[in-house]
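Encoded as structure tokens, the structure appears first; notes follow it.
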Amino acid sequence: MKTFSLAVLCSGISFVLLGCASSSPPVSGGEGASGDGGAIVAQTNFENFPDEPVAGDTATLTVTGMSCPMCSTNLELELMDHPMIGEVTINLETSSVVIGFVGRSHPTQLELANLVHDAGYTLVAIN
Amino acid sequence: MHSMLARARRVLMLALALPAVPAAAQEAALTPSVTFPAKGRTTVRQQFHSMRHTGNGVDVAQLRLNTSATLGLDRDTSLALRVPLVHREDLRSDTDRLDTFGVDEVTLTLKRRLWQVDHGGYGSTRLGAFVGAHLPAPSGDLGSDSVDPLAGLVFMTIVERHGFNAALTYTLTTAGDSEPILPGASTDDLLQLELAYLYRLSPETYTAETEGAWYALAEVDVNYETNGDRDLVFTPGVLYEAKRWALEVAVHLPAIESLDERPALDYGLVIGWRYLF
């Protein structure tokens with residue numbers, strides 16, 4: 001029984017480790033919907049977000065996957081870490097994230113896509 | 001008199017430790033969830049458990065303060081450390097009483113998100129896996145001196161106001177306690193199935209002004225040990241989740257107990273909070 005148990009555990013460990021090895025997050029130009037190795041861990045389609053600065057003093061992001069107030073804070077903290085972002089307002093019901101920029105330099109769309117991705121959510125659009 | 005003072009002092013120490021370390025959410029009180037702090041962020045969670053077990057000739061009152069810290073390693077991986085501080089009072093007869101206070105087995109867990117689909121506004125369905133181990137208890141009178149590895153799968157789905165979590169864990173016990181109290185503390189392996197349902201009571205719809213949400217939660221914990229012991233504990237409760245913290249209160253209600261090796265749970269109370277740094 002112990003041998004069987006050990007085998008089950010080893011299988012579990014291998015499962016997790018294989019998962020770790022096969023799903024490094026995309027930085028640019030990824031497929032988005034499916035990561036390497038077939039595991040879907042990100043849906044953001046990075047091809048939709050070029051490495052060009054966002055125009056305007058504010059931007060409204062459509063972000064899915066935030067299911068609770070603390071989830072929105074997780075994203076807010078991630079966005080506020082960016083030196084060019086000074087204000088973040090999140091409406092969970094409409095999945096909208098309004099960000100205000102500081103100064104004349106603005107982050108690129110790809111940077112925003114990566115920030116949302118790193119927080120664990122899906123960036124659908126930037127308006 | 002001396003023992004009463006000593007007990008009061010230990011309970012006070014536990015109570016004082018509670019607010020000392022204030023941590024993620026849409027998580028149930030007990031069932032693991034596929035939630036992760038962002039890379040480099042930490043959530044801290046504390047849960048105070050009060051439990052009473054009777055049977056097998058013992059009457060055990062136990063206060064546990066579980067403190068967990070979870071660090072986001074990357075968006076899909078987290079490392080969690082749980083440290084339980086325990087005060088246990090064992091009554092084996094009218095005169096044979098044993099007080100134990102100290103740190104029980106520390107648990108280290110590496111969790112990985114394997115799959116996620118976000119649907120609708122705030123809907124999300126995720127699958128993860130975790131591996132870890134219960135490490136030897138620093139206090140010699142509690143737990144075992146062994147490293148007990150564990151592995152499991154965890155699932156989560158959130159649809160509108162409904163949240164469902166499920167976790168299946170196998171713990172390989174390499175050594176154990178000859179007089180176990182909790183499931184998995186014996187010398188035998190533990191297969192644990194945890195199910196949780198959360199219903200968002202308020203607000204009915206989120207707005208930009210939403211500062212927090214109330215949830216009703218119902219959890220079922222099914223334990224099967226390879227020595228044949230099995231039980232099912234129902235845990236209803238409420239959860240309030242603000243933007244950076246959450247508070248939960250729940251009660252353990254044993255529903256099915258078929259136990260030979262350890263005493264049965266009479267009741268349990270859980271009060272916990274989490275803070276996102």
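Lettering follows sequence order; numbering is per chain, from 1. Side chains included, hydrogens not; waters and symmetry mates left out as well; all remaining heavy atoms used. Computed from a predicted structure; not experimentally measured.
The backbone N or O of B/Lys243 sits less than 3.5 Å from a side-chain atom of A/Thr73, completing a donor-acceptor pair.
The part of A/Val63 that comes within reach of chain B is its backbone (N, CA, C, O), which places non-hydrogen atoms under 4.5 angstrom from that chain. If you measure heavy-atom distances from B/Ala242 to chain A, the contacts under 4.5 Å come from the backbone alone. Both the backbone and the side chain of A/Leu92 come within contact range of chain B, judged by heavy atoms closer than 4.5 Å.
Summarising the geometry of B/Tyr215 relative to A/Ser67, their closest heavy-atom pair is OH-O, 4.1 Å, with the distance given to 0.1 Å. Here the closest non-hydrogen pair linking A/Met70 and B/Ala246 is CE-N, 3.7 Å. The heavy-atom pair separating A/Ala119 from B/Ala38 by the smallest distance is CA-CB, 4.0 Å.
With sequence neighbours left out, B/Phe155 forms a ring pair (Phe, Tyr, Trp, His ring centres under 6.0 Å) with no residue at all.
Applying a 4.5 Å heavy-atom cutoff, the residues of residues 200-207 of chain B that approach chain A are B/Thr205, B/Tyr206, B/Thr207. Within residues 48-61 of chain A, no residue has any heavy atom under 4.5 Å from a heavy atom of chain B.
In this structure, A/Cys68 SG and B/Leu198 CG are separated by 10.0 Å, a value rounded to the nearest 0.5 Å. The distance from atom CD of B/Glu209 to atom CD of A/Glu93, rounded to the nearest 0.5 Å, is 12.5 Å. In this structure, CD1 on A/Ile90 lies 11.5 Å from OG1 on B/Thr210, to the nearest 0.5 angstrom.
Heavy-atom neighbours of B/Arg161 CZ from other residues, nucleotides or ligands within 6.0 Å: above the threshold of 12.
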What donor-acceptor contacts under 3.5 angstrom involve side-chain atoms of residues 76-85 of chain A, with partners at least two apart or in another chain?
from, atom 1, to, atom 2, distance (Å)
A/Asp81, OD2, B/Arg41, NH2, 2.6
A/His82, ND1, A/Met84, N, 3.1
A/His82, NE2, A/Glu111, OE2, 3.2

